[in-house]
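Step one of this worksheet: look at the structure below.
In each ligand, atom 1 is the first atom listed, and ligand 1 is the first ligand listed.
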Amino acid sequence: MKLRIAHLYPDLLNLYGDIGNITTLTKRCTWRGIDIATDQIYGNEPIHFSDYDLIFLGGGSDREQLLVRDKLIKMKSEITSYVENGGVLLAVCGGYQLLGSYYKLKDETIKGLDILNIQTEIGQGRLIGDIVIKNEKFGTIVGFENHGGRTFINDHTPLGRVIYGNGNNDTESEKFEGVMYKNVIATYLHGSLLPKNPKLADHIIKLMLEQRGESGELSPLDDTAENEAHSYIVNRFAHN
Ligand code: GLN
């Protein structure tokens with residue numbers, strides 16, 4: 001059995017170390033003897049979503065997001081069925097925004113894939129910096145955000161409550177970050193997401209295995225370095 005990741009358009013969606021998420025999943029599987037491979041998807045080839053155990057979409061500039069949207073919209077029904085059937089998808093920032101109804105810029109609106117009932121609008125200035133959120137199951141999650149879009153998630157379940165930073169937007173009184181929907185994790189947190197949050201990385205591996213009908217039981221790893229990197233951010237920004 002070999003797990004397969006599709007890394008979508010790494011030439012267009014590749015901000016702030018997003019590739020680190022793929023490296024982390026690959027390493028954590030390999031260390032446990034789980035076979036895993038990644039296909040980097042470029043160009044306009046149709047994607048056979050059901051061949052994959054994880055679809056990964058990174059972040060990108062507005063212009064690059066539009067190029068990616070034009071490719072993905074042609075496969076809207078395939079990617080929607082993948083998600084509705086429990087396919088695992090990790091989407092970061094620009095990728096997250098594209099899963100929604102639209103991303104409204106000053107002069108144009110980028111229509112999204114409508115997989116999530118979320119809407120994004122450009123606001124004043126960018127929301128940039130370290131961020132710490134809390135999820136009931138994974139505890140604190142640390143990361144880095146840099147986005148002009150403000151996302152409104154309606155009744156969706158967020159990935160977490162913001163302890164430090166901005167998250168989905170800077171206007172709602174209760175601050176939340178990201179969305180969890182079926183086996184989709186969509187978030188503004190970039191490439192330090194999985195390297196610095198090993199519990200979340202293992203959750204994704206578990207989902208990938210379970211979708212294959214395998215046991216999601218994972219042998220423990222020595223996460224001393226990962227936990228130190230995680231705690232450094234928590235202690236620096238969100239120690240109380
Ligand atoms: N272009 C989008 C925004 O600025 C997404 C940016 C990103 O992926 N970091 O909101």
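Heavy atoms of other residues, nucleotides or ligands lying less than 6.0 angstrom from OH of Y232 number 12 at most.
Chaining together hydrophobic side chains whose heavy atoms lie under 4.5 Å apart places I128 alongside L15, Y16, F144. Under a 4.5 Å side-chain heavy-atom cut-off, the cluster of Ile, Leu, Val, Met, Phe, Trp and Tyr residues that includes Y102 has no other member.
Pocket lining of ligand 1, defined as residues with a non-hydrogen atom under 4.0 Å away: L15, Y16, G59, G60, S61, D62, Q65, C93, G94, Q97, Y103, R126, N146, H147, G148, G149, H190.
The aromatic rings of Y188 and Y96 stand perpendicular to each other, their planes meeting at an angle above 60°, with 30° marking the opposite boundary.
Residues passing the salt bridge (charged side-chain N to carboxylate O under 4.0 Å, His left out) test with K182, sequence neighbours excluded: E84.
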CA sep, side-chain torsions, deciding dist, call: T187, E177, side-chain hydrogen bond (donor to acceptor under 3.5 Å, both in side chains): CA-CA 7 Å; T187 176; E177 203 294 309; 2.8 Å; yes
